[in-house]
Amino acid sequence: MIVCVAVVGHQNNPLYIQSFTDADDALKLHHIVHCSLDVVDERVNNPKKAGPTLNETFLGLLYPTENYKVYGYLTNTKVKFILVTTDLDVKDADVRNFFRRFHAAYVDAISNPFHEPGKKITSKTFAERVSTIVKSFGLSSTG
């Protein structure tokens, strides 16, 4: 189950963060997202140690914690997508599919002529699309 998704700008400024838990874990999840930025920077700045090539946008598993797994994705414009999940046996294909759909929703949101680049994403349509993508995470349907 996905507990948090975040969009972080190229200057590590949060553009969008949404938690999907009933508990008051928002601060804890913000901390996890913030800590994951160091891992993203390490992988981007030291590609030989990390494994994926420079053209690969999917960063894979950034780090596991006791209760969560954190995945990352880097766009061509250096915007980072962070996914925090409680599932300990997540398939890479499902995570890649999630990020592909999340990236498409992000592009649609920032393509709005009223959106100011570098500012927080406040679009209700984007939030609804993200919720739909999160609810369908792990299902066999692609699309």
Side-chain angles (χ1 to χ4, degrees), residues 1-45 47 50-143:
M1 176 179 136
I2 294 176
V3 293
C4 182
V5 293
V7 178
V8 181
H10 67 279
Q11 296 176 334
N12 288 342
N13 54 321
L15 300 177
Y16 180 83
I17 187 161
Q18 177 67 43
S19 59
F20 298 94
T21 60
D22 296 331
D24 290 332
D25 290 342
L27 186 62
K28 180 177 171 182
L29 294 170
H30 281 246
H31 178 71
I32 289 172
V33 168
H34 183 72
C35 290
S36 69
L37 297 178
D38 292 335
V39 179
V40 171
D41 287 340
E42 182 179 320
R43 290 209 183 161
V44 170
N45 295 330
T53 63
L54 291 174
N55 294 335
E56 182 68 42
T57 56
F58 177 63
L59 299 173
L61 179 66
L62 298 178
Y63 69 93
T65 64
E66 188 174 318
N67 300 320
Y68 304 110
K69 278 192 169 183
V70 183
Y71 292 89
Y73 182 93
L74 184 69
T75 68
N76 292 336
T77 56
K78 305 298 183 216
V79 173
K80 301 154 199 82
F81 299 156
I82 306 296
L83 166 69
V84 182
T85 180
T86 56
D87 296 334
L88 299 178
D89 56 346
V90 178
K91 297 177 186 169
D92 264 2
D94 289 339
V95 178
R96 284 178 187 267
N97 184 40
F98 169 83
F99 279 130
R100 182 182 54 78
R101 294 175 66 198
F102 189 74
H103 192 181
Y106 169 76
V107 168
D108 289 346
I110 64 165
S111 296
N112 182 344
F114 298 106
H115 174 75
E116 293 181 44
K119 300 290 183 186
K120 290 189 181 243
I121 301 170
T122 57
S123 168
K124 292 179 183 174
T125 306
F126 178 71
E128 290 169 2
R129 277 187 72 182
V130 169
S131 293
T132 302
I133 294 167
V134 166
K135 287 176 187 171
S136 68
F137 178 73
L139 301 177
S140 60
S141 64
T142 58

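Throughout, residue positions are numbered sequentially from 1 according to the sequence presented. Values reported hereafter were calculated over all heavy atoms of this structure, with side chains retained and with hydrogens, waters and symmetry mates removed.
Phe137 CZ to Leu83 CG: the interatomic distance, rounded to the nearest 0.5 Å, is 5.5 Å. Of the inter-residue distances, the one linking Ile2 atom CD1 with Asp94 atom CG reads 9.5 Å to the nearest 0.5 angstrom. For the atom pair Phe98 CZ and Tyr73 OH, the distance stands at 11.5 Å (nearest 0.5 Å). Note that CZ of Arg100 and CZ of Phe58 are 13.0 Å apart. Values are rounded to the nearest 0.5 Å. Separation of atoms OG1 (Thr57) and CG (Leu59) is listed at 7.5 Å; rounding is to 0.5 Å. In this structure, CG in Asn97 is found 9.0 Å from CD1 in Ile133, a value given to the nearest 0.5 Å.
Ring-plane geometry between Phe81 and Tyr106 is classed as perpendicular, the angle between the planes exceeding 60 degrees on a 0 to 90 degree scale with a lower cut at 30.
Enclosure of atom NE2 in His34 is not indicated, since only 12 or fewer non-hydrogen atoms of other residues, nucleotides or ligands lie within 6.0 angstrom.
Take Tyr71 and apply the ring pair (Phe, Tyr, Trp, His ring centres under 6.0 Å) test, not counting sequence neighbours, and it matches no residue. The salt bridge (Lys or Arg N to Asp or Glu O under 4.0 Å) check on Asp41 picks up nothing, with sequence neighbours excluded. Checked against side-chain contact (heavy atoms from CB on, under 4.5 Å), Lys119 has the following partners two or more places apart in sequence or in another chain: Glu116.
Without hydrogens or angle criteria, Asn112 side chain to Phe114 main chain gives a donor-acceptor distance under 3.5 Å.
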**Q.** Test log, rule side chain to side chain contact (heavy atoms under 4.5 Å, CB included), inputs Val44 and Leu74
**A.** CA-CA 9 Å; Val44 170; Leu74 184 69; 3.4 Å; yes
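No side-chain donor from either of Ser19 and Thr21 sits under 3.5 Å from a side-chain acceptor of the other.
When all heavy atoms of Arg101 and Ser136 are compared, the closest pair comes out as NH1-OG, 2.8 Å.
Contact check for Val79 versus Ile110: no side-chain heavy atoms found under the 4.5 Å cut-off.
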Can you give me every donor-acceptor pair (side chain of residues 120-132, partner residue at least two apart or in another chain, under 3.5 Å) with its distance?
residue : atom : partner : partner atom : Å
Ser123  : OG   : Thr125  : N            : 3.3
Ser123  : OG   : Phe126  : N            : 3.1
Arg129  : NH1  : Asp108  : OD2          : 2.5
Ser131  : OG   : Ala127  : O            : 3.1
Thr132  : OG1  : Glu128  : O            : 3.0

I'd like a table of donor-acceptor pairs (distance under 3.5 Å, sequence neighbours excluded) in which one partner is a side-chain atom from residues 62-69, with atom names and distances.
residue : atom : partner : partner atom : Å
Tyr63   : OH   : Ile32   : O            : 2.9
Thr65   : OG1  : Tyr68   : N            : 2.9
Thr65   : OG1  : Tyr68   : O            : 3.2
Lys69   : NZ   : Leu88   : O            : 2.9

Check: residues 3-13 side-chain donor-acceptor pairs under 3.5 Å, at least two apart:
residue : atom : partner : partner atom : Å
Asn12   : OD1  : Lys80   : NZ           : 3.1
Asn13   : ND2  : Gly118  : O            : 3.4

